[in-house]
Amino acid sequence: AKEFGLVEVANAGTSEGAKKGWETRRKNGWTPEQVAENKVKIVDLANKALSDRSSDETLVMGSTEGEAARDIKDLTGIDVTGYSQEISTHDIRHEDKRHGPQRKINKKKYGERREDQIPISTEDYERIPELLSDYDNIELGDPERNTGRPSVVYTKTYPDGILYGVEIVIEEDKKMHYKTGWKKKA
């Protein structure tokens with residue numbers, strides 16, 4: 001299988017997390033081990049999504065609990081406790097097409113159209129579990145952009161920029177579905 005430069009995360013275990021103070025569960029109830037495991041799984045999913053455009057897989061990363069569930073209820077009015085958090089190959093391709101380094105702006109230029117945004121790097125896919133489980137900020141998303149469904153926008157600052165991620169609340173299926181993400185200059 002062709003590799004897309006995604007970062008090797010096989011050793012992204014708890015020693016790294018311990019250095020960052022991850023001795024307790026994250027805001028959404030995930031353990032540091034779950035975050036590390038999800039990083040590996042998302043790298044695999046992203047490789048499938050970007051190497052096989054017909055792949056159709058969904059990764060369930062865990063469920064929404066604790067502080068994250070309370071934050072989302074405060075924003076949307078919906079109790080999402082126990083809702084699964086998932087991402088699909090389709091959504092990774094969407095994010096890559098709209099915000100990735102290969103996005104064609106015009107005949108000669110690739111990258112983000114907006115000056116305040118920088119293209120999503122392959123390392124950013126690996127960061128999605130951290131973004132969802134230990135965000136810096138969370139706010140209500142624009143329902144007009146998400147077929148009328150409530151959504152939340154997570155942000156987390158990294159040395160190379162501020163990562164944004166959008167999850168849509170799908171009440172009838174009890175799911176928090178990761179839809180897209182982008183990155184801005186820090």
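In this text the structure is predicted, and so the values were computed from the model without any measurement.
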Do any side-chain atoms of residues 59-70 form donor-acceptor pairs under 3.5 angstrom with protein atoms, and if so which ones, sequence neighbours left out?
residue	atom	partner	partner atom	Å
S63	OG	E65	OE2	3.0
T64	OG1	Y83	O	3.3

>> For the NZ atom of K185 and the CG atom of D160, what is their distance to the nearest 0.5 Å?
In response: 13.0 Å
> How many angstroms lie between atom OG1 of T89 and atom CG of L50, to the nearest 0.5 angstrom?
Replying inline: 9.5 Å
> Looking only at atom types and distance, does a side-chain atom of D91 sit under 3.5 Å from a main-chain N or O of I87, one as donor and one as acceptor?
Replying inline: no
> How many angstroms lie between CD1 in I78 and CD1 in I72, if you round to the nearest 0.5 Å?
Replying inline: 9.5 Å
> Which of these passes salt bridge (Lys or Arg N to Asp or Glu O under 4.0 Å) with D124: K183, K156, K39?
Replying inline: K183
> Considering only heavy atoms from C-beta outward, does the side chain of S55 approach that of R93 to under 4.5 Å?
Replying inline: yes
> Just how far is it from atom CZ of R127 to atom OH of Y125, taken to the nearest 0.5 Å?
Replying inline: 13.0 Å
> Closest heavy-atom contact between T76 and P150?
Replying inline: CG2-CB, 4.1 Å
> Would you call L75 and I138 a side-chain contact if the rule is heavy atoms closer than 4.5 Å?
Replying inline: yes
>> To check you understand the geometry: which heavy-atom pair defines the closest contact between L131 and Y164, and what is its length?
In response: CD2-C, 3.9 Å
>> Contact between I168 and I170 at the side-chain level, heavy atoms closer than 4.5 Å - yes or no?
In response: yes
> T157: what forms a side chain to side chain donor-acceptor pair (under 3.5 Å) with it, not counting sequence neighbours?
Replying inline: none
> After noting the C-alpha distance and the side-chain angles of S88 and H177, does the key distance pass the side-chain contact (heavy atoms from CB on, under 4.5 Å) rule?
Replying inline: CA-CA 8 Å; S88 73; H177 187 85; 4.1 Å; yes
>> Any side-chain to backbone donor/acceptor pair from D173 onto K175? Under 3.5 Å, distance only.
In response: no
>> Please determine whether side-chain contact (heavy atoms from CB on, under 4.5 Å) holds for the pair E95 and W182, giving the CA-CA distance in whole Å, both sets of side-chain angles, and the decisive distance to 0.1 Å.
In response: CA-CA 7 Å; E95 185 171 311; W182 61 92; over 6 Å; no
> What's the spacing between L140 CG and D74 CG if we round to 0.5 Å?
Replying inline: 11.5 Å
> Just checking, any donor-acceptor pair under 3.5 angstrom between side chains of Y154 and E139?
Replying inline: no
> Under a 4.5 Å cut-off applied to non-hydrogen side-chain atoms, are K41 and P129 in contact?
Replying inline: no
> Are any non-hydrogen side-chain atoms of M176 and L132 less than 4.5 angstrom apart?
Replying inline: no
>> Using 0.5 Å steps for rounding, measure from the OG1 atom of T155 to the CG atom of N137.
In response: 4.0 Å
> Does E167 come within less than 4.0 Å of K179, counting only side-chain N to carboxylate O?
Replying inline: no
>> Once side chain to side chain donor-acceptor pair (under 3.5 Å) is applied, do any residues pair with D71, and if so which ones, sequence neighbours excluded?
In response: Y135
> Can V169 and R149 be said to form a side-chain contact (heavy atoms from CB on, under 4.5 Å), step by step?
Replying inline: CA-CA 7 Å; V169 179; R149 293 186 185 274; over 6 Å; no
> Which heavy-atom pair separates S151 from V166 by the least distance, and what is that distance?
Replying inline: CB-CG1, 4.1 Å
